[in-house]
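Worksheet: one structure, shown below.
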Amino acid sequence: MGQRIAGTAFVKAGNKQYDLRGSFIVSPSPSKREGVAGQDGVHGFIETPRVPFIKGDLSTTAGLTIAELDAMTDITVTAELANGKTYVLSSAWTESAHEIDTGAGKVSVNWMGLTCDEI
């Protein structure tokens, strides 16, 4: 039996759906682990907090302004994936300055937040 695991995706930020172009990544993990090895073998791991994020390329259609992206703070970002999973990034903001790829008609956006939950 075949099942869809990838393909169509949707992104909403602050209750507005954006035209998602591609390069879509959802990273909900609240921590990362790094192995520690000594000369005598593996000692364990170091666990540190990390900032969850949702990022992707948006088409630069008429409904999108860079000022709107730059102003995003304390918003909710929702990612709906082709496999039926939905992720909600809370207390989110946009990272960095936004650059428009005029040849491709797209802008890369990285939303970072306090938590990202799978619902």
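Numbers for residues simply follow the sequence, beginning at 1.
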Considering non-hydrogen atoms only, spot the tightest contact between [X] and [Y] and give its length.
{"X": "Asn110", "Y": "Phe53", "value": "OD1-CB, 3.4 Å"}
{"X": "Leu81", "Y": "Ala9", "value": "CD2-CB, 4.4 Å"}
{"X": "Arg33", "Y": "Phe45", "value": "CD-CE1, 3.5 Å"}
{"X": "Leu89", "Y": "Cys116", "value": "CD1-CB, 3.8 Å"}
{"X": "Ala79", "Y": "Phe24", "value": "CB-CZ, 3.6 Å"}
{"X": "Gly7", "Y": "Ala82", "value": "N-CB, 3.7 Å"}

*Is atom CD of Glu47 surrounded by more than 12 heavy atoms (other residues, nucleotides or ligands) closer than 6.0 Å?*
yes
_For Ile119, I'd like to know if atom CD1 has over 12 heavy atoms of other residues, nucleotides or ligands within 6.0 Å._
yes
What's the separation between atom [atom1] in [X] and atom [atom2] in [Y], rounded to the nearest 0.5 Å?
{"X": "Met112", "Y": "Ser91", "atom1": "CE", "atom2": "OG", "value": "13.5 Å"}
{"X": "Thr86", "Y": "Lys12", "atom1": "OG1", "atom2": "NZ", "value": "9.0 Å"}
{"X": "His98", "Y": "Ile66", "atom1": "NE2", "atom2": "CD1", "value": "6.5 Å"}
{"X": "Ile100", "Y": "Leu58", "atom1": "CD1", "atom2": "CG", "value": "11.0 Å"}
{"X": "Glu68", "Y": "Thr94", "atom1": "CD", "atom2": "OG1", "value": "10.5 Å"}
{"X": "Ile25", "Y": "Ile54", "atom1": "CD1", "atom2": "CD1", "value": "11.5 Å"}

*Trace of the salt bridge (charged side-chain N to carboxylate O under 4.0 Å, His left out) decision for Glu80 with Lys85*: CA-CA 6 Å; Glu80 298 175 21; Lys85 296 183 187 258; over 6 Å; no
Do [X] and [Y] sit in the same hydrophobic cluster, where Ile, Leu, Val, Met, Phe, Trp and Tyr count as joined when their side-chain heavy atoms come under 4.5 Å apart?
{"X": "Val77", "Y": "Met72", "result": "yes"}
{"X": "Leu64", "Y": "Leu20", "result": "yes"}
{"X": "Ile75", "Y": "Val51", "result": "no"}

_Trp111 and Glu95, any side-chain heavy atoms less than 4.5 Å apart_ = no
*Just by distance, do the side chain of Arg21 and the backbone of Ala104 share a donor-acceptor pair under 3.5 Å?*
yes
*Just checking, is any N or O donor in the side chain of Ser27 or Arg50 under 3.5 Å from an acceptor N or O on the other one?*
yes
